[in-house]
Student: 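Take a look at this one; I'll ask things after.
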Amino acid sequence: MLYLLQEGLPLFFNFQAVLLTTLGIVGGLVIGVLPGLGPLMGIVLLLPLAFHLPPIPAMGMLIAIYIGGSAGGSISAVLLRIPGTPLAAATLFDGFPMAQKGRAQDAVGLAMSSSALGGLIAGLVLVFLSPLLAKFALRFAPPEYFAMAVLGVLTIALVSEGSALKGLLAGGLGLFLSMIGTDEFTNAYRFTFGDFRLSSGPHLVAVVVGLFALSEIFFQIEAGGYLDKPKVQRLRVSFAALRILIRHKLNLIRSSLIGTFFGAIPGAGGDVSAFISYATAKKLARPGEKYGEGAEGGVVATESANNGCCGGALIPTLSLGIPGDASTAVLMGALILLGFFPGPDLFRDHPDVAGGIFIAYLMANITLLVMGALLAPLFGSVLKVPKAWLLPAVLLLSTLGTYSLQNSTFDLWVMLVFGGIGYVMRRAGYPLAPLIIGMILGGIMESNLRRSLLISQDGLMIFLDRPISVAILAIDLILFLSIVYSIVRSSRKTEDREAAVPKQAASSTAEMRSGAGKS
């Protein structure tokens, strides 16, 4: 494992990579502070820029945005009782009461230092566990890759927000989008409608920017409140929180490992790990620690868990090619666009790139520890930026970034179309992440299915002749049946509710008639 770090040292320790990682942390913190944006939006906005950079500076910048954005949401949770991201929802339980007691500086400092150290603990697990998983995955052949791609889509569809059916449908739409363009086996055009600009399919970056950034702009415009400026407490530069954190070292290690574990389960998410870590810390708290009333341990538990989740989510993403959440799905797409496929091939053929990504992740967390304290006064000012300034800036970045991909106005139309699709999907309660994951994994799924069938002379039996393939397909089947069960149960609940309404109405009518008769 350590040889990977050694291989990656020259790729990371240069001016460009270090500078972009530092800027990524600052940008991530700023975008994480602003409610409604978050790390995914930051990654999406900078994805077109990363497309033009060398691999490690690009991945360092995007991973830093991911880490900084995940930590930044805690600042608005502490100062305004509004979590900047869902990851920080549990932080406000104790962070905001600490601020009300005049300890906003301590709460923000604890959130930053817990996030950074939680991320570093997760980073150690990432460095040691990912190569082992990738080594195991070296036994994979096309049937196993196909089964893993199916597993990725089903997992994300199952645990994504909203109903499992909607997640599955969104994933199916992503699979369809992956088929648009030129067939790599026959060179035939598919679903291009004779338009050569679709010969390579819709550009992934344009689709991602449209789905996430543009649809968010539409939502924010609809919500209004363009000139609102919240009142926030002033912060100052301080590293004093590190002394407080030492008193909670066991809580920090335990919560970081919980976050790493849930992060490694595709789709589980940082918000889930934060709530579970908070509940665990509360249950194991010493007498006198009043959770919910400004307990320091509550902030430590939630923030170390939700940033530990980032490192955990990168484990299946890098070693198996299965993204842990929507942000890592986009990171995985970025890595593919840069010419490197996540999975065992990355560790075998490009150990320097894998090691460079590990170092970028670890250094981003160290940078977060420093910049989180030094730039604390800046964050209060960022919260005062009105939406009337913010939305045009996001739109400008989205447009410039998408156009710069290929200097093509067609990509802008793709972005606009998927902005509308993203808005409609979110309005209807359809999650967006399964669509992106389906689009990324669709090509891998199809090519490995067809390779398997070409290799096999017995048709589908190749999937059942290999033990690993059979095991993964069995998990796929269990997940699929879980989705079907979830859909059936949800449908029955809806029918029961609809059946209960007429009965209640009839009961109310009968009572009214009875009351009228008595009168």
Side-chain angles (χ1 to χ4, degrees), residues 43-55 58 62 142 145-146 149 152-153 169-215 217-218 321 323 329-342 395-425 430 432-451 453-454:
I43 295 170
V44 167
L45 289 177
L46 289 178
L47 193 57
L49 173 62
F51 188 61
H52 299 287
L53 292 170
L62 296 180
Y145 281 116
F146 166 74
V153 175
L169 289 173
L173 178 58
L175 291 178
F176 167 72
L177 291 172
S178 72
M179 290 191 286
I180 296 176
T182 308
D183 185 335
E184 65 172 300
F185 287 82
T186 64
N187 285 332
Y189 288 162
R190 302 184 303 191
F191 308 111
T192 60
F193 305 102
D195 191 332
F196 75 93
R197 292 172 297 185
L198 281 173
S199 59
S200 301
H203 201 292
L204 178 65
V205 176
V207 174
V208 170
V209 172
L211 275 180
F212 290 99
L214 224 58
S215 68
I217 291 172
F218 295 156
V330 180
L331 286 174
M332 180 174 152
L335 194 57
I336 292 173
L337 287 173
L338 291 166
F340 303 95
F341 280 86
L395 180 61
L396 182 64
L397 284 173
S398 302
T399 306
L400 288 177
T402 304
Y403 180 76
S404 67
L405 292 172
Q406 304 177 100
N407 294 332
S408 165
T409 53
F410 181 72
D411 286 337
L412 294 179
W413 284 110
V414 171
M415 179 187 77
L416 185 61
V417 168
F418 278 93
I421 292 173
Y423 176 79
V424 172
M425 286 179 68
Y430 284 83
L432 302 181
L435 188 152
I436 294 300
I437 292 165
M439 194 173 169
I440 293 171
L441 294 181
I444 300 171
M445 189 187 300
E446 183 194 356
S447 60
N448 284 292
L449 172 64
R450 294 171 71 175
R451 282 195 188 97
L453 295 176
L454 285 172

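The analysis underlying the following values was restricted to heavy atoms, covering all of them including side chains, and did not include hydrogens, waters or symmetry mates. Everything numeric here is computed off the predicted structure, so don't read it as measured data.
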Student: Just how far is it from atom CD1 of Ile43 to atom CG of Leu331, taken to the nearest 0.5 Å?
Tutor: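 One gets 4.5 Å once the value is rounded to the nearest 0.5 Å.
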Student: Are there over 12 heavy-atom neighbours, none belonging to Phe185, within less than 6.0 Å of that residue's CZ?
Tutor: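 For Phe185, atom CZ is crowded (more than 12 foreign heavy atoms under 6.0 Å).
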Student: Within this structure, what is the OG1-CZ distance for the pair Thr182 and Phe196, rounded to the nearest 0.5 Å?
Tutor: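 Nearest 0.5 Å value for the OG1-CZ distance: 12.5 Å.
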Student: Can you list everything that forms a side chain to side chain contact (heavy atoms under 4.5 Å, CB included) with Arg197? Sequence neighbours excluded, please.
Tutor: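 Expected list: Asp195, Phe410.
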Student: Going through the distances and angles, do Leu337 and His203 end up as a side chain to side chain contact (heavy atoms under 4.5 Å, CB included)?
Tutor: CA-CA 10 Å; Leu337 287 173; His203 201 292; 4.2 Å; yes
Student: Scan the side chains in residues 415-423 for donor-acceptor partners under 3.5 Å anywhere in the protein, sequence neighbours excluded, and list what turns up.
Tutor:
{"residue": "Tyr423", "atom": "OH", "partner": "Glu222", "partner atom": "OE1", "Å": "3.4"}
{"residue": "Tyr423", "atom": "OH", "partner": "Glu222", "partner atom": "OE2", "Å": "2.9"}
{"residue": "Tyr423", "atom": "OH", "partner": "Arg427", "partner atom": "NE", "Å": "3.3"}

Student: By side chain to side chain contact (heavy atoms under 4.5 Å, CB included), which residues pair with Ala50, not counting sequence neighbours?
Tutor: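 With sequence neighbours excluded, Ala50 shows a side chain to side chain contact (heavy atoms under 4.5 Å, CB included) to Ala58, Met61, Leu62, given in chain and number order.
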Student: Quick check: closest heavy atoms across Ile440 and Ala329, and the distance to 0.1 Å?
Tutor: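 Nearest pair, atom of Ile440 first, then Ala329: CD1-O, 3.1 Å.
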Student: What distance do Leu46 atom CG and Leu397 atom CG have between them, rounded to the nearest 0.5 Å?
Tutor: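 The CG atom of Leu397 is 7.5 Å from CG of Leu46, to the nearest 0.5 Å.
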Student: Nearest 0.5 Å, please: how far is CG in Asp183 from CD in Glu446?
Tutor: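 So the gap between those two atoms works out to 6.0 Å.
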Student: Determine the sole option in Leu395, Thr399, Thr402, Val44 for which the side-chain contact (heavy atoms from CB on, under 4.5 Å) test with Leu214 is passed.
Tutor: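 Exactly one option meets the side-chain contact (heavy atoms from CB on, under 4.5 Å) with Leu214, and it is Leu395.
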Student: If I compare all heavy atoms of Pro202 with all of Val414, which pair ends up nearest, and what's the gap?
Tutor: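 The answer is CB-CG1, 4.1 Å.
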Student: Find the distance between CD1 (Ile444) and CG (Asn448) and round it off to the nearest 0.5 Å.
Tutor: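 Rounded to the nearest 0.5 Å, the CD1-CG separation comes to 7.5 Å.
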Student: Please evaluate residues Tyr403 and Asp411 with respect to the criterion side chain to side chain contact (heavy atoms under 4.5 Å, CB included), reporting the C-alpha separation (whole Å), side-chain torsions for both, the decisive distance (0.1 Å), and the verdict.
Tutor: CA-CA 6 Å; Tyr403 180 76; Asp411 286 337; over 6 Å; no
Student: Do other residues, nucleotides or ligands put more than 12 heavy atoms under 6.0 Å from Phe218 CZ?
Tutor: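 Counting neighbours around CZ of Phe218, more than 12 heavy atoms of other residues, nucleotides or ligands fall under 6.0 Å, so yes.
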Student: Check the pair Leu47 / Val209 against side chain to side chain contact (heavy atoms under 4.5 Å, CB included), numbers first and verdict last.
Tutor: CA-CA 8 Å; Leu47 193 57; Val209 172; 5.5 Å; no
Student: Where do Ser398 and Leu45 come nearest, in terms of heavy atoms and distance?
Tutor: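 Shortest heavy-atom contact: OG-CD2, 3.2 Å.
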Student: Taking all heavy atoms of Pro342 and all of Met332, pick out the closest pair and write down the distance.
Tutor: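 Smallest heavy-atom distance, with atoms named: CG-CG, 3.6 Å.
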Student: Can you tell me how far apart OG (Ser178) and CG (Leu173) are? Round to the nearest 0.5 Å.
Tutor: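 CG of Leu173 is found 10.0 Å from OG of Ser178.
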Student: Pair Phe212, Ile436 - check side chain to side chain contact (heavy atoms under 4.5 Å, CB included), show working.
Tutor: CA-CA 10 Å; Phe212 290 99; Ile436 294 300; 3.7 Å; yes
Student: Sort out for me which residue in Arg451, Arg190, Arg450 forms a salt bridge (charged side-chain N to carboxylate O under 4.0 Å, His left out) with Glu184.
Tutor: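 Option passing the salt bridge (charged side-chain N to carboxylate O under 4.0 Å, His left out) with Glu184: Arg451.
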Student: Taking all atoms of both residues into account, what is the closest heavy-atom pair of Leu432 and Ser215, and its distance?
Tutor: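 Nearest heavy atoms, Leu432 then Ser215: CD1-OG, 4.3 Å.
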